[in-house]
There are 2 protein chains.
Amino acid sequence: MNDKVTIKTIAKIANVSHTTVSRALNDSPLVKEKTKKEIRDIAERLNYSPNLNAKALVEHRSFIIAVYFTDLNSGTSPSFMSEMLHQIKEMLPAGYEIAVDSFAGLRRAKQSINLRFDGALVVSQSVSDDMYIDQLAKTGKPVVVLNRKIDRDDLFNYASDDYSGTVTAIEYLLRMGHRKLGIISGKEEFTSSQNRLAGFLDTLQKHNITRNDNWVATGDYSVQSGYNAMEKILNSGDLPTCMFVSNDDMAMGAMRACEDYGFSIPEQISFMGFDDSAYSNYCIPRLTTIRKPVREITNNGIKTLNSLINNESPETVQAMNIKPSLVVRESVKKIN
Amino acid sequence: MNDKVTIKTIAKIANVSHTTVSRALNDSPLVKEKTKKEIRDIAERLNYSPNLNAKALVEHRSFIIAVYFTDLNSGTSPSFMSEMLHQIKEMLPAGYEIAVDSFAGLRRAKQSINLRFDGALVVSQSVSDDMYIDQLAKTGKPVVVLNRKIDRDDLFNYASDDYSGTVTAIEYLLRMGHRKLGIISGKEEFTSSQNRLAGFLDTLQKHNITRNDNWVATGDYSVQSGYNAMEKILNSGDLPTCMFVSNDDMAMGAMRACEDYGFSIPEQISFMGFDDSAYSNYCIPRLTTIRKPVREITNNGIKTLNSLINNESPETVQAMNIKPSLVVRESVKKIN
DNA sequence: TTGAAAGCGCTAACAG
DNA sequence: CTGTTAGCGCTTTCAA
C-alpha cells in the first residue's frame, strides 16, 4: 500500500519543496550532495517508487517498448520468440518494460495500436503486417522491423536473406548428387515461405532440373503439418531422393512420417531443414540445415532502437539482409 | 504525429467542453446520443487515441498486466512461454497490455519491481522467486502465481502436481517390469525438479527398490544437459533398463546419446519423459511422457486475475494442484 | 444534459 | 542551490 508515497511526502519529511525532491531523485547537479543524500535516504526508507504514469505524462515518453509479432499463436517458432524476448529485455536500458502484442490479435479484436510506447520492434512474417507497420511509422516514433525485408526505406530493417540461404542449401544438395528434389514449404502468406520456395524453384531451373509436382507440398511451419505433407508425398508413388523442408519443425515431422512408412533417412531419402532450431542437432538423424541468423538480426535491431530512442544516429546500417549459413550434419547422403 | 489530438481538440471542433468529450468517449449515459455520435465521429476522423498515461494517472490504473517469469533465458521452456503469452493476451480484456519481465533480470540489474501494473501473473519455478512474489503481494494489487505451489495462502495459486505425476510415471514403469531405474533430474533450484526427484525416490523406496547412484544424474532442463547426463550414465558400466527424465527436452538429448553410443530404445533402454512437449510425439521413438496441464493452469490463472482486477470474487478456487496424466507412446518397453 | 474547476504525481521554466 | 508556479491529458466532483 506504499503507492501513497509521493515526492510530496518525501518533501514534507525532508523539509524541502517537492521540486527539490524531484531533482534529487533524478540526480540533478542543481542539488547539493548533502540534500540529495538525505532525500535519497528518506525515499529508500519509505520504499518510494515513482509513479511512472505521471512521469510518462509529463515527459512525453512511457518507458515502454512495444514488441509486435505477426501472430503469437502460430508461425512464430517458440524458441525464436523466447530468444527474442530474452535478448530484448537484456539489452534494453533499465527501467524499460516490453509490451508484447500481435497484429493477429489486434485484427481479431478489431483494435488499433495504442500509442503508449517509446519505440517499436516488429518481428514481421507477412506482408499483411504492412498496414500496421505503416500505422506505427505514422506515429513518428522509432520503429525497427525485423525478420522480413520490407518495401520501404524510411524504417530500419534487418532480415535473414532466406532466398540466398535456400540457394546455398539446394546447391549443396546438388553437389551431393541429388537430382530428384522435393520441397515442403511453409505458410503461404509468410514472406519466408515465399522466398524459400522461390530459392528452391529458381535454383532447380538454373540447373535445368525439372521439378516434379508430386514432390511439392505445403505446410504451415508446424511439426504436424510437416508430417502430413510428407505423408502425401510418400503416397504419391515415385519418390524423391531428397527433401528440402522450409523449417526444422516441419522437417522433424516429415522425418517422422518416413520412419512410420519404413523409409530410412538418409539412405532412402535425405533431408535438409531451415532455421537450425535447438532440436535439429538432437533428432535422429541429426538434421542438416540452414542457420538463420537470429542473434544477428535481434542484436542489430535492439542496438538501433536504443540509439533511436536516445536520439542518437545508429551505428548500424539502415537495412540488412543477412546471409544464413549451411550447417552440415547427418541427414543428407551423398549419392552416385 | 497525431498524438497532438486530445479531447480538447475534439471539444473545440464539436463546440462542447472537453468534459463532455471525455464523457461521450467513455459512453456515459449523461450525454445525449446525438452529441455522442458527433463527438465519436470527429474522434474517428481525427484518428484520436487517448493518452493512456494521463488516463492511467487519474484513474489509478495502468492497463498493464505484469507477467513475470523466473528466467527468460533458461529453465522456462520456450513452448511453455509462448503458449502462456498467447493465452494471456487472448483472454485479457481489450486495451490491456502485457509487460513481460523476469526475476532473474531484475536480480542481475539490481532493480526492484516497478509499480505500474494492475495485476501480476507470476510463472514461478523456484523458491528464490518468493522475495519478489512478496514484493508484488505487498502492493496490494491482484497477484496470481502459476506453475509452482507456494507456501502462502493469501494469493491465488495454480500449479501442476509434479510429485503425483512422477509417482504415476514410476508406477507405470514398474508395471512394465522395470526394476533398474535411473533418473536425470532438472535444475536443482527449481521446485519442479525437486518434486520430480522426490516422487521418483519415494516411489522406489515404497516398492523396496534400492536405487543405484550411478543412474542418478542432474541436468538443467536443456537438451544438451540431458545428453551430457546420459553420457555419464552410459559410461558408468552397469546400465539401467529404464530412464525417467525430468523433462522432454532432456529426454530428447538423452535418447540422442543412446543412439550415439549404440544403444537401442526401447529395446535396451526405455525412456519416460515429463511435460508432453510439442516434439515428444515426433521424436524417434515417440516419447512416453507425463502431460503437464499447462492449459488448465494458465486458463485458471487468467480467469482469476481478470475477476480480481474487476473487483469480482473469482469463481475458481484459491489454490489448485492439478494432476498430470500419463501419455503412453513408444519409448517404454514391457520387459520379463 | 452540459460546463467550470480541481487534481492525479511528476517535471520544467523562472525567479530568487 | 532551492522554491513557486504552471501544466502534461484525463476524469470527476459540483453547480447550473
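Per chain, numbering begins at 1; letters A, B, ... match sequence-line order. Bear in mind the structure is a predicted one, so any value in this text is a computation, not a measurement.
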A:F117 side chain reached by A:K141 side chain, heavy atoms, under 4.5 Å: yes

Distance in angstrom units between A:E33 CD and D:dT2 C1', rounded: 15 Å

Heavy-atom check, side chain of A:T6 versus side chain of A:N51, under 4.5 Å: no

So, does B:T20 get its side chain near the phosphate of C:dG3, meaning an N or O under 4.0 Å from OP1 or OP2? yes

Side-chain N or O of B:T35 less than 4.0 angstrom from OP1 or OP2 on C:dT2? yes

If you check every side-chain atom of A:T6, which of D:dT2, D:dC10, C:dG9 has the closest atom? C:dG9

Would you kindly say whether A:Y221 and A:S193 are connected by a side-chain donor-acceptor distance under 3.5 Å? yes

Examine the side chains of A:S62 and A:D118 and answer whether a donor and an acceptor come within less than 3.5 Å of each other. yes

May I ask you to check whether A:T304 and A:Y158 show a side-chain donor-acceptor distance below 3.5 Å? yes

About how many Å separate CD of A:E90 and CZ of B:R108, when rounded to the nearest 0.5 Å? 4.5 Å

Rounded to the nearest angstrom, tell me the gap between atom CG in A:L57 and atom C1' in D:dT11. 13 Å

Separation of atom NE2 in B:H60 from atom P in C:dG9, rounded to whole Å: 5 Å

Can B:E97 and A:N114 be counted as having a side-chain donor-acceptor contact under 3.5 angstrom? yes

Take the protein atom NZ of B:K8 and the nucleotide atom P of C:dA5, then report the distance between them rounded to whole Å. 12 Å

Represent DNA chain C in dot-bracket notation, 5' to 3'. Only Watson-Crick or G-U wobble pairs with both distances under 3.5 Å count; pseudoknot-style crossings use [ ] and interstrand partners use |. ||||||||||||||||

Selection: residues 36-45 of chain B, any non-hydrogen atom under 4.0 Å of DNA chain D: none

Between C:dG3, C:dT2, D:dG3, which nucleotide has the shortest distance from any of its atoms to the side chain of B:S17? C:dG3

Can you build the contact string for nucleotides 11-16 of chain C? Use B for base contact, S for sugar-phosphate-only contact, and - for no protein heavy atom under 4.0 Å. BBB---

Atom CZ of B:R61 and atom P of D:dC10 are separated, to the nearest Å, by 15 Å

Gap between atom OH of B:Y68 and atom CZ of B:F103 - 0.5 Å precision: 6.5 Å

In whole angstrom, give the distance that lies between atom CG of A:L30 and atom P of D:dC1. 9 Å

When rounded to the nearest 0.5 angstrom, what is the spacing between CZ in B:F80 and CD in B:Q125? 6.5 Å

Taking atom types as modelled and ignoring hydrogens, do the side chains of B:S124 and B:N147 form a donor-acceptor contact shorter than 3.5 angstrom? no

Between A:S22 and A:T19, do the side chains contain an N or O donor and an N or O acceptor separated by less than 3.5 Å? no

To the nearest angstrom, how far is B:L52 atom CG from D:dT11 atom P? 10 Å

Just wondering, do A:R148 and A:V122 contact through their side chains at under 4.5 Å, heavy atoms? no

Between atom NZ in B:K12 and atom P in C:dT2, what is the gap in whole Å? 20 Å

